[in-house]
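These numbers come from the heavy atoms of this one structure, side chains and all, not from hydrogens, waters or symmetry mates.
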Amino acid sequence: MAAAVLAITMAGCGGGDDNKPKAAQSASSNSQGAAPQSQAPSGSPAPTPTEVLATVNGESGMTLTINSAVRDAGGFLTVSGQLKNTGSQAFASTAAWRGNELNSSGASVAGVTLVDKAGKKRYYVLRDTDGRCLCTTGLTVIDAGQTVPFFAQFPVPPNNTTQVDFNLPTFATATIKISG
C-alpha cells in the first residue's frame, strides 16, 4: 500500500505543465541543475555565452569578449568571456596578462583588475590559500584563429555598484555591467 501511495505521489509531482509546448517543457527540464539563464529584454531566456557585455582589442590581433559579470552567492564576482586570436600567427605574448604581483599562477589572466569609478576602488583577482589566482591559467600560446574561454573571480563590489571597468594588460579598458 505504501508503495502504491508513493508511486501515485511521484507521478503527480513530475511531468511538468501540460499547457506548455513540448519544446518549452524539455528546455525547462534540461536546465535543472544548470546555472540560471539570463533573461533577454523580451523576457525569453538568452544563453549566457551569446550575450556580449563588451569586446575590446589587444595587441597582435587578440580580441577579448566579455560575456558575463555575475555576483555569486558566495560573495564573489565572476567575470567570464573569450579570448580570440584573429591574427595570422600564434600569439605567445601572454606574460603581461599575469600582472606585476608575485604569484604562483604561472601563465594566467591574474593581472586583470576591476575599477569601480563611483566607489573609487580597484579590485584584484582573488587567490587561493596557495597564492594561485581564481582565474584562467595555462595560457601560454593562442594559435591563429583559436578562441579560448577565460574567467576571473573578484571580491564582490557593493550592491549599488552596477558597472565596473575591466582592465587586462595589453587590452583596451572595457566598461561592463554587473548582473545579479
Determine, step by step, whether Val164 and Val115 satisfy the side-chain contact (heavy atoms from CB on, under 4.5 Å) criterion, reporting the C-alpha distance in whole Å, the side-chain angles of both residues, the deciding distance to 0.1 Å, and the verdict. CA-CA 5 Å; Val164 290; Val115 175; over 6 Å; no
Nearest heavy-atom contact between Ala69 and Leu53 is N-CD1, 3.6 Å
Does the side chain of Leu64 reach to within under 4.5 Å of the side chain of Phe166, using non-hydrogen atoms? yes
Tyr124 side, atom OH; Leu114 side, atom CG - distance, nearest 0.5 Å: 11.0 Å
Cluster question for you: counting only ILVMFWY and a side-chain heavy-atom cut-off of under 4.5 Å, with indirect links fine, are Val141 and Val148 together? no
Rounded distance [0.5 Å steps], OG1 in Thr140 versus CH2 in Trp97: 10.5 Å
If you look at every heavy atom in Cys133 and Ala110, which pair is closest and at what distance? CB-CB, 3.8 Å
Under 3.5 Å, side chain of Asp72 to main-chain N/O of Gly75, donor-acceptor pair present? no
If you take all heavy atoms of Cys135 and Val125, which pair is closest and at what distance? CB-CG1, 4.0 Å
Is a donor on one side and an acceptor on the other found under 3.5 Å between the side chain of Ser68 and the backbone of Val70? no
So, does Asp130 use its side chain to make a donor-acceptor pair with the main chain of Arg132 at under 3.5 Å? no
I'd like to know if the side chain of Asp116 and the backbone of Gly119 have a donor-acceptor N/O pair within less than 3.5 Å. yes
Could you state whether Ile66 and Val56 fall into the same hydrophobic cluster, counting links through intermediate Ile, Leu, Val, Met, Phe, Trp or Tyr residues with side-chain heavy atoms under 4.5 angstrom apart? yes
Distance-only polar pair, side chains of Thr173 and Asp165, donor-acceptor under 3.5 Å: no
Are any side-chain N or O atoms of Thr86 and backbone N or O atoms of Gly61, one a donor and one an acceptor, separated by less than 3.5 Å? yes
Side-chain heavy atoms of Leu83 within contact of Phe171, under 4.5 Å: yes
Do Thr55 and Thr63 touch side chain to side chain, with heavy atoms closer than 4.5 Å? yes
Quick one: are Arg71 and Ile178 in side-chain contact, heavy atoms under 4.5 Å? yes
Tightest non-hydrogen contact, residues Pro169 and Val112, listed as CD-N, 4.4 Å
To the nearest 0.5 Å, what is the distance between CZ on Phe91 and CG on Asn85? 7.5 Å
Hey, is the main chain of Phe151 close enough, under 3.5 Å, to the side chain of Thr136 for a donor-acceptor pair? yes
Gap between atom CZ of Arg122 and atom OG1 of Thr113 - 0.5 Å precision: 4.5 Å
Just verifying a value: how many Å separate Ile142 CD1 and Thr147 OG1, rounded to the nearest 0.5 Å? 9.0 Å
CE on Met62 to CD on Gln146, rounded to 0.5 Å: 8.5 Å
